[in-house]
Amino acid sequence: MTDVMIRVPAEVRDQLAAVAEARGTSLRALMQDIAAQTLTPEQIRERADRTRALLAERFGHHVSDEESAEMRRKMREAAAAHRATSAGTEPNP
């Protein structure tokens with residue numbers, strides 16, 4: 001196993017440590033979990049392609065590039081609204 005040092009502000013380190021403690025795990029294990037759950041752009045494209053193929057095969061719906069772009073926009077807005085709610089602030093449009 002290779003060690004990596006990542007510099008983050010103290011607030012970020014403290015938050016990660018608190019999350020790890022709440023989960024009953026180590027900071028190292030938490031970071032491994034986060035890395036395992038975070039998709040690369042290529043993995044995102046692959047999932048999108050599989051989803052498009054599934055929708056076409058099972059439901060006869062061919063997702064256009066415009067539909068994909070609109071769904072990505074809505075997902076970004078929903079994620080921003082969730083983050084804002086969690087932080088107690090208003091979302092940025």
Side-chain angles (χ1 to χ4, degrees):
M1 185 178 302
T2 302
D3 285 337
V4 175
M5 180 183 289
I6 300 172
R7 294 184 185 271
V8 296
E11 304 84 42
V12 173
R13 181 208 55 221
D14 293 346
Q15 168 137 6
L16 290 169
V19 170
E21 183 178 344
R23 292 184 183 183
T25 190
S26 68
L27 189 54
R28 177 186 297 250
L30 175 67
M31 297 308 297
Q32 288 173 328
D33 288 347
I34 290 170
Q37 294 174 26
T38 304
L39 300 177
T40 66
E42 179 61 27
Q43 289 169 320
I44 292 169
R45 279 189 294 278
E46 288 171 0
R47 283 190 179 189
D49 290 344
R50 286 195 310 267
T51 300
R52 282 182 183 210
L54 178 79
L55 289 171
E57 179 185 319
R58 293 201 181 162
F59 303 105
H61 180 75
H62 298 276
V63 179
S64 69
D65 290 340
E66 293 79 18
E67 287 174 308
S68 289
E70 178 65 12
M71 184 55 67
R72 281 191 302 277
R73 183 188 65 74
K74 287 180 180 181
M75 293 298 290
R76 281 192 304 271
E77 286 177 3
H82 175 72
R83 284 190 303 274
T85 299
S86 297
T89 62
E90 291 297 315
N92 290 333

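Note that this is a predicted model, so its numbers are computed, not measured.
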What side-chain donor-acceptor pairs closer than 3.5 Å can you find for residues 33-44, not counting sequence neighbours?
residue: Thr38; atom: OG1; partner: Ile34; partner atom: O; Å: 2.7
residue: Thr40; atom: OG1; partner: Gln43; partner atom: N; Å: 3.1
residue: Thr40; atom: OG1; partner: Gln43; partner atom: OE1; Å: 3.3
residue: Glu42; atom: OE1; partner: Arg45; partner atom: NH2; Å: 3.1
residue: Gln43; atom: OE1; partner: Thr40; partner atom: N; Å: 2.7

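- In Gln15, the CD atom is not crowded: 12 or fewer heavy atoms of neighbouring residues, nucleotides or ligands sit closer than 6.0 Å.
- The side chain to side chain donor-acceptor pair (under 3.5 Å) check on Arg23 picks up nothing, with sequence neighbours excluded.
- With sequence neighbours excluded, the residues forming a side chain to side chain contact (heavy atoms under 4.5 Å, CB included) with Leu55 are Thr51, Phe59, Val63, listed by chain and number.
- Closest of all the heavy-atom pairs between Ser64 and Arg52 is O-NH2, 3.8 Å.
- Partners of His82 by side chain to side chain donor-acceptor pair (under 3.5 Å), not counting sequence neighbours: none found.
- Under the side chain to side chain contact (heavy atoms under 4.5 Å, CB included) criterion, Val4 pairs with Ile6, not counting sequence neighbours.
- Looking at Arg73, Glu77, Met71 one by one, the single match for side chain to side chain contact (heavy atoms under 4.5 Å, CB included) with Met75 turns out to be Met71.
- Legend: residues meeting side chain to side chain donor-acceptor pair (under 3.5 Å) with Asp3, ordered by chain and number and at least two apart, are Arg28.
- Nearest heavy-atom pair across Glu67 and His62 is OE1-O, 3.6 Å.
- The 12-atom threshold is exceeded at CD of Glu46, counting heavy atoms of other residues, nucleotides or ligands nearer than 6.0 Å.
- The minimum heavy-atom distance linking Leu27 with Leu16 is given by the pair CD1-CB, 3.6 Å.
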